Number of protein chains: 2
Amino acid sequence: MLDSRDMAGKKETSNRGPLDSLGAFIRSQRQLARLSLRQLADLAKVSNPYLSQVERGLYKPSAEVLKGIAEALHLSVETLYTQAGLLGAKAGRQHATSVDEAIRLDGRLTADQKETLIRVYRGFVGD
Amino acid sequence: MLDSRDMAGKKETSNRGPLDSLGAFIRSQRQLARLSLRQLADLAKVSNPYLSQVERGLYKPSAEVLKGIAEALHLSVETLYTQAGLLGAKAGRQHATSVDEAIRLDGRLTADQKETLIRVYRGFVGD
DNA sequence: CAACAGTGCTAAGTCTACCAAGCATTCGCT
DNA sequence: AGCGAATGCTTGGTAGACTTAGCACTGTTG
C-alpha cells in the first residue's frame, strides 16, 4: 500500500521526462539553500506534502507555485519556468540575479563544489 | 438575445480584476488575428467552450495553455505570461517578434487603427 | 421557405493540482 | 531509556482547470 499512485501500469515507459528533472532540480536547489521541505513550502506558500510530491515528480506545479518557489529560493522565475518547459529555453543566457544563484546554476560545478563556494560566500557577507 | 452575458447577476461587484483583463486581452488579440473561437481553440489545442470561458474571465488558464495560445496568435510567450501576472512585468521592453505583434501590442493605437495597419501590412506581404 | 454551416455559449462530467490531518523515522536533549 | 522536535511521506478530500455533448442564433445558399 505504499504506492497507490503508480498502480496505473498503463504507460510508465515514457512518463519520465522533463517533469522529473524539474522536481530533482527543485530539490537540489532547496538543499543547496539549506532549507527543509517545510521551510521552503512555507516560504513558497504551498503545503509541505504537495512540495514533496512535486519534488518527486508526481505532480507538475502551476506557474504560480513555481513563481513562489523561485522567489523563495532566490532564483529567477525564468529559470524555473525554463526548467519546467513552460518557457522555451532561452537562447544563450542564464538569468542569475545574485551570486548565490550564479553559483548554483553553474553546470560546471559539482554539488559539493557549489556548497563549498556558497559557504565561503556566506562567510564573507555574513550568512 | 444577442447578449446572453448580461445574466450575470451573481457577483460582479468584486470579481473583475486582472483576471478579466487577461481574457479581454486574449479576445482582442484573437479578433485582431481574425480567428474564430473554434479556430484559435483548435490551434491552441484546447476546447472551444473552455477558451470561451477563459476569454470571459471565468477561468484562469494554465501556463501550458497560455503557451499554446501565444504560439497560435504569434505572440511571445512572455507577453501573455506578463499579462497573466505569471511573470513580473519586465523592466523595459515588450518582446515583439513580428510586425504583427509589434502593432498589436502598441498601446498608443486604437483597435481600429491596429486593424487598419495590419490590413495594410498584410496587403504588402500577401496575407 | 428549408437546409446548412458558422458563430459563441451552457451543462455535466473527468482529471489533477493542491490542502489539512496524521504516520514513521531520526535527531538532540536531560 | 524516553520525550520532544524536526525531518519527509501517505491518505482522503476539495476545487478548479479542462473536455465532450448539445443548445440558440445568425447568416448564407438552393
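All figures in this text were calculated on a predicted structure; none of them were measured in a lab.
An OP1 or OP2 oxygen of dT7(C) is reached within less than 4.0 angstrom by a side-chain nitrogen or oxygen of Ser36(B).
Note on Leu51(A) and Leu32(A): separate hydrophobic clusters, where clusters join Ile, Leu, Val, Met, Phe, Trp and Tyr whose side-chain heavy atoms are under 4.5 Å apart, directly or indirectly.
For the pair Leu37(A) CG and dT26(C) P, the computed distance is 17 Å after rounding to whole Å. Rounded to an integer number of Å, the gap from Asp42(A) CG to dA20(C) C1' is 14 Å. One can place CZ of Arg34(B) at 17 Å from P of dG6(C), the figure rounded to the nearest angstrom. Rounded to a whole Å, the CD1 atom of Ile69(A) is 9 Å from the P atom of dC18(C). Arg30(A) has its CZ atom 12 Å from the C1' atom of dC9(D), to the nearest Å.
A heavy-atom distance below 4.5 Å is not found between the side chains of Val65(B) and Val54(B). With a 4.5 Å cut-off on side-chain heavy atoms, Ser36(B) and Asn48(B) do not count as touching. A heavy-atom distance below 4.5 Å is found between the side chains of Glu78(B) and Leu87(B).
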>> Between Leu80(B) and Leu73(B), is the side-chain contact (heavy atoms from CB on, under 4.5 Å) condition met? List the steps.
In response: CA-CA 10 Å; Leu80(B) 262 194; Leu73(B) 287 175; 5.5 Å; no
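For a distance-only test at 3.5 Å, the side chain of Arg38(B) fails to qualify as a donor-acceptor partner of the base of dG6(C).
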> Just by protein heavy atoms under 4.0 Å, how would nucleotides 15-21 of chain D read 5' to 3' in B, S and -?
Replying inline: --SBBBB
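With rounding to the nearest 0.5 angstrom, the CZ atom of Arg56(B) is 7.0 Å from the CZ atom of Arg27(B).
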